[in-house]
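Down below is the structure, laid out as structure tokens.
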Amino acid sequence: MMGLPRLGLGGENGRCVIDKILHVADKLLSGRGWLYMVTLTANNPSEICLQMRDNGYASRIVVQRSTEEESLHVIKFWRDSDDRLQANEVGAANKTGPARIFESLLS
């Protein structure tokens, strides 16, 4: 039962920080960058993958481990090749520096 109190600290589905990262992933990653994310089953990893797919990212669960208390998933995200062409058309001028993005995640 140790996982239940910690889940409440992360907002709905324990995803407070995860949702912030998903929101700015496009600004953090280069065109060929990868994002690895560790999630619990309670975080609804399939929903996270679908949300990232809507933003032009492919995904794959690369590791899954379970204990009696929790089940962890490591998900790898990368830009889908078709969407990479659209991202190049938008240009890098609208990108914000990663340091500023991380600061906003922590605030």
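As the structure is a prediction and not an experimental result, all values here were calculated from the model.
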How far does CG of Leu40 sit from CZ of Arg15, to the nearest 0.5 angstrom?
11.5 Å
A side-chain contact here means heavy atoms from C-beta on lying under 4.5 Å apart; do Thr39 and Ile18 qualify?
yes
In plain terms, say whether Arg79 and Asp26 are close enough for a salt bridge, that is, a side-chain N and a carboxylate O under 4.0 Å apart.
yes
Compare all side-chain heavy atoms of Ile61 with those of Lys76 and state whether any distance is below 4.5 angstrom.
no
Can you spot which of Leu22, Leu35, Leu29 makes a side chain to side chain contact (heavy atoms under 4.5 Å, CB included) with Tyr57?
Leu29
Just wondering, do Arg60 and Trp78 contact through their side chains at under 4.5 Å, heavy atoms?
yes
Quick one about Thr41 and Asn43 (side-chain donor to acceptor, distance below 3.5 Å, no hydrogens or angles considered), yes or no?
no
Can you name the residues that form a side chain to side chain contact (heavy atoms under 4.5 Å, CB included) with Ser59, not counting sequence neighbours?
Cys49, Ile75, Phe77
Quick one: do Met37 and Leu50 end up in the same hydrophobic cluster if we chain Ile, Leu, Val, Met, Phe, Trp and Tyr together by side-chain heavy atoms under 4.5 Å apart?
no
Those residues at least two apart in sequence (or on a different chain) that pass side-chain hydrogen bond (donor to acceptor under 3.5 Å, both in side chains) with Thr67 are none
